[in-house]
A.B. asks: 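Encoded as structure tokens, here's the structure I'll be asking about.
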Number of protein chains: 2
Amino acid sequence: MSSSTPPTHDPKWRRLPEERPRQILEAAIAVFGEHGIAAAKLEEIAARAGVSKGTIYLYFPSKEDLFREVIRQVLVPRIAQVEHELTGGTAIEQIERYLRVHWHYFDRPEAASWLRLVLFELHKFPDLEQFYYDEVIALSNRVLGDVLRRGVASGELRQLDPAASVSLIKAVLLMHVIWMSSPAAKASARAPQHTIDGIVDFVLHALRPDAPAGVAAPVLP
Amino acid sequence: MSSSTPPTHDPKWRRLPEERPRQILEAAIAVFGEHGIAAAKLEEIAARAGVSKGTIYLYFPSKEDLFREVIRQVLVPRIAQVEHELTGGTAIEQIERYLRVHWHYFDRPEAASWLRLVLFELHKFPDLEQFYYDEVIALSNRVLGDVLRRGVASGELRQLDPAASVSLIKAVLLMHVIWMSSPAAKASARAPQHTIDGIVDFVLHALRPDAPAGVAAPVLP
DNA sequence: TTAGTAAATGACTTATCGGTCAGTTATATA
DNA sequence: TATATAACTGACCGATAAGTCATTTACTAA
């Protein structure tokens, strides 16, 4: 047509070697979350990242390695960050805050999907599971365990095994996250707000001292 | 060699139309349990059942229907049976028995694998999930819910929402079954016996009445 | 302007697996 | 023993998706 057309061609694609890994990882966390490891398609990840399938292989050797990097570079930091939103207050207050902060964090469907995936599909990759355990679970357990130890020492909580209690508390919380995230559960469900209130009530009752006649622990309103 | 060989040929296979469905279902529950729905291979199910892949299709229209029948004919009766091992005693005793009986039931790796599968993969088959909910979960919830209602009425337990408490109790139990069944967890694990003792202690503390004389305000919906 | 090359593409290869069916074998019955 | 047929087999088909690579395109620097 007109010879005034500038020499620029609207390139079909651009060279962005610095940004590709991040773009791919971001797309991958979404797709893995939605479909799980096995059912996630590289074509879909590529499409969402705005690249072709071949490009993924320029940066990640295989689907499994891509998954590894998603955990390492995206998931671990994201979860570790949540663990640090809790400081200050009595042990009871911190436990309640722990429950509510995590409940709120897992309220996003994406987070719940990943929890599902970690709990139920990760065991097929034992080394990854170990890595995840060391980096995420152990940290998280330490944080909550310390709170419990302090509470026991101060008499705010009854005499209990902190490590075991961490598991018990998390079990209640995480299982309800799973249940609330399933559409079927939502049919028969009460409101999420009501659910977390019930969890907090249940857990705190389980942890408080027996309060036999003598020293009735002051129950705050 | 010898011409005394009887005319019988050691048939390569036998006609057993009455037994095939059971054989196939038994093989299927094992393979589905080990690999999940998607990763279970019909060839493997066929091999374990001692038949060829084609034979499966003489009795079941598709892999998904086979899975349905496994739930219907194998899993539901097996679980329903467990629910009935608990009768008699105080509410507290029944709850403790409920926890220990189920803990023992899920001690077999096969049972834990199926729990995983139900929690993680069943949501991809909404009608199946509904079916499972109606046949298994609802029954189980009713049984335990009745125990709680009785306990509340008699004052053995504190004022609580029975339906919500059923979820809370099951959450603790089931999540620990999952965790105990994962090899990674076993590394850092205490003994199963110790774990179930901790669960019982935790749950019973959460359910017992507040000791202090004053009227601790129960939260009722 | 023009090689030179790094980045990116997408058609292709390969493997897997659910599902089909023409052919084979066992067994009942005549 | 001969015939009919129900039960069963396993080679095959088609769809899907991970992974490869010859080719194309964007960019750089001489």
Side-chain angles (χ1 to χ4, degrees), chain A residues 3 5-28 30-70 121 124-125 128, chain B residues 5-32 34-70 117 121 124-125 128:
Chain A
S3 59
T5 309
T8 56
H9 284 217
D10 284 48
K12 297 173 184 166
W13 46 267
R14 300 212 278 153
R15 296 179 150 203
L16 295 167
E18 312 296 321
E19 303 177 28
R20 294 308 187 210
R22 265 255 84 65
Q23 294 174 326
I24 293 167
L25 287 171
E26 289 296 334
V31 175
F32 279 127
E34 279 171 33
H35 303 341
I37 302 172
K41 295 172 209 172
L42 287 184
E43 290 278 17
E44 187 178 346
I45 295 173
R48 283 210 215 178
V51 300
S52 74
K53 191 170 55 165
T55 297
I56 293 179
Y57 285 91
L58 296 178
Y59 298 98
F60 304 94
S62 71
K63 184 179 176 179
E64 192 181 319
D65 284 276
L66 174 58
F67 182 80
R68 287 186 148 70
E69 290 307 309
V70 169
E121 226 176 340
K124 288 171 198 157
F125 306 85
L128 242 192
Chain B
T5 309
T8 56
H9 285 218
D10 286 47
K12 297 174 185 165
W13 47 267
R14 302 213 277 152
R15 297 179 149 202
L16 295 167
E18 312 296 321
E19 304 178 28
R20 292 309 186 209
R22 264 255 81 69
Q23 293 174 327
I24 294 167
L25 286 171
E26 289 297 335
I29 195 177
V31 176
F32 278 127
E34 280 172 34
H35 303 312
I37 302 172
K41 294 174 211 170
L42 287 183
E43 290 278 17
E44 188 179 345
I45 295 173
R48 283 211 216 177
V51 300
S52 73
K53 191 169 57 164
T55 298
I56 293 178
Y57 285 90
L58 297 177
Y59 298 97
F60 303 94
S62 72
K63 184 180 177 180
E64 193 181 319
D65 284 275
L66 174 58
F67 184 81
R68 287 187 150 70
E69 290 307 309
V70 170
L117 193 160
E121 227 177 339
K124 288 173 197 156
F125 307 85
L128 241 193

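In what follows, every chain begins at residue 1, and chains take the letters A, B, ... in the order their sequences are listed.
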A.B. asks: On the nucleotide dA8(C), are OP1 or OP2 found under 4.0 Å from the side-chain N or O atoms that Tyr59(A) carries?
C.D. replies: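 Looking at the OP1 and OP2 atoms of dA8(C), one of them is under 4.0 Å from a side-chain N or O of Tyr59(A).
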
A.B. asks: Please report the distance, rounded to the nearest Å, between NZ in Lys41(B) and P in dT16(C).
C.D. replies: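 It is 8 Å, rounded to the nearest whole Å.
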
A.B. asks: Separation of Asp10(A) atom CG from dT25(D) atom C1', in whole Å?
C.D. replies: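 From Asp10(A) CG to dT25(D) C1': 14 Å.
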
A.B. asks: If I take atom CZ in residue Phe60(B) and atom C1' in nucleotide dT20(C), what distance separates them, rounded to the nearest angstrom?
C.D. replies: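 To the nearest whole Å, that distance equals 18 Å.
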
A.B. asks: Hey, could you give me the CG/NZ distance between Leu42(B) and Lys53(B), rounded to the nearest 0.5 Å?
C.D. replies: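 Taking CG in Leu42(B) and NZ in Lys53(B), the distance rounds to 7.0 Å.
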
A.B. asks: Quick one: label Leu58(B) by what it contacts on the DNA or RNA (base, sugar-phosphate, nothing), any heavy atom closer than 4.0 Å.
C.D. replies: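 Base, at least one base atom sits under 4.0 Å.
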
A.B. asks: So, taking the atom named CZ in Phe67(B) and the one named CG in Leu117(B), what distance separates them when rounded to the nearest 0.5 Å?
C.D. replies: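 CG of Leu117(B) is found 4.5 Å from CZ of Phe67(B).
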
A.B. asks: Take atom NZ of Lys12(B) and atom P of dT27(C), then tell me their distance rounded to the nearest Å.
C.D. replies: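 About 13 Å, once rounded to whole Å.
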
A.B. asks: Please list, chain by chain and in numerical order, all residues satisfying side-chain hydrogen bond (donor to acceptor under 3.5 Å, both in side chains) with Arg48(A), sequence neighbours excluded.
C.D. replies: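 With neighbours one apart ignored, the set is Glu34(A), Glu44(A).
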
A.B. asks: When rounded to the nearest 0.5 angstrom, what distance separates CD in Glu26(B) from CD in Gln23(B)?
C.D. replies: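 Here the rounded value is 9.5 Å.
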
A.B. asks: Rounded to whole Å, how long is the line connecting atom CG of Leu66(A) with atom P of dA17(D)?
C.D. replies: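 Taking CG of Leu66(A) and P of dA17(D), I get 16 Å after rounding.
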
A.B. asks: Would you indicate what Ala40(A) reaches in the nucleic acid, counting non-hydrogen atoms under 4.0 angstrom: base, sugar-phosphate, or nothing?
C.D. replies: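 Here Ala40(A) touches the backbone only, sparing every base.
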
A.B. asks: Could you tell me the separation between the CZ atom of Arg20(B) and the OG1 atom of Thr55(B), rounded to the nearest 0.5 Å?
C.D. replies: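 So the gap between those two atoms works out to 6.5 Å.
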
A.B. asks: For Ile45(B) and Leu66(B): C-alpha separation, side-chain torsions, deciding distance, then whether side chain to side chain contact (heavy atoms under 4.5 Å, CB included) applies.
C.D. replies: CA-CA 11 Å; Ile45(B) 295 173; Leu66(B) 174 58; 4.1 Å; yes

A.B. asks: Pick the closest DNA chain C nucleotide for Trp13(B) and for Ile37(B) by heavy atoms, then say which residue is nearer the 5' end.
C.D. replies: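 Result: Ile37(B).
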
A.B. asks: For Arg20(B) and dC8(D), is the shortest distance between a side-chain N/O and OP1 or OP2 below 4.0 Å?
C.D. replies: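 For dC8(D), OP1 or OP2 has a side-chain N or O of Arg20(B) closer than 4.0 Å.
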
A.B. asks: Which of residues 43-57 of chain B sit near DNA chain D, with a heavy atom under 4.0 Å from it?
C.D. replies: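 Listed by number, they are Val51(B), Ser52(B), Gly54(B), Thr55(B).
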
